[in-house]
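Just below is one structure, and these are the notes that go with it.
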Amino acid sequence: PGKTKADIVKQIWKELPKWSDSPVPPLDEEMLADLAKEPASVKGEFKHNWGTAEKLYKSEAIDSFGNRYLLGVFEDTKDAEKAFDAWNKEYEKAGQDVKESMKNWAKQQEA
């Protein structure tokens, strides 16, 4: 109560060196000034499912290079699947776009 987002970031930054092997860079003063204008939470407006739900589902995608993407954390499997399906559709479209651009590039090289 009464804290700003800047206060929260400072607390996290104070704890971070305990959990990291590398040194923590200093916080940007402009960013802190902006965050100091915002309350950490507004009473009655913030009720995150991470603190209230009994069970949560993580939607995660792994691309062909082994990169992992957290698509979100959801209260039911339908929402998690919907997030994955949307990501997968976009991923497949991007793959088709790359194939098409490679074909065009190959044609230009042959000409």
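Remember, it's a predicted structure, so these values are computed and weren't measured experimentally.
- Distance check, rounded to the nearest 0.5 Å: CZ of Phe84 to NZ of Lys89 gives 14.0 Å.
- The shortest non-hydrogen separation linking Thr4 to Ala36 is CG2-O, 3.3 Å.
- Remark: the Gln11 side chain and the Asp7 side chain contain no N/O donor-acceptor pair separated by less than 3.5 Å.
- Using a 4.0 Å cut-off between a side-chain N of Lys or Arg and a carboxylate O of Asp or Glu, Lys93 and Asp97 qualify as a salt bridge.
- Within 6.0 Å of CD in Glu90 there are 12 or fewer heavy atoms belonging to other residues, nucleotides or ligands.
- Across all non-hydrogen atoms, the minimal contact from Phe74 to Ala80 is CD1-CA, 3.5 Å.
- With no hydrogens or angles considered, a side-chain donor-acceptor pair links Asp63 and Tyr69 at under 3.5 Å.
- Summarising the geometry, atom OG1 belonging to Thr77 is positioned 9.5 Å from atom NZ belonging to Lys55; distances are rounded to the nearest 0.5 Å.
- Looking at heavy atoms from C-beta onward, Glu92 lies in side-chain contact with Asn88 at the 4.5 angstrom threshold.
- At a threshold of 4.5 Å between non-hydrogen side-chain atoms, the residues Glu60 and Leu71 do not count as touching.
- Residues satisfying the salt bridge (Lys or Arg N to Asp or Glu O under 4.0 Å) test with Asp34, not counting sequence neighbours, are Lys37.
- Other residues sharing the hydrophobic cluster of Met102, ordered by chain and number and joined by side-chain separations under 4.5 Å: Val98.
- Clustering of Ile, Leu, Val, Met, Phe, Trp and Tyr side chains at separations under 4.5 Å places Trp13 together with Val9, Leu16, Val24, Leu27, Met31, Leu32, Leu35.
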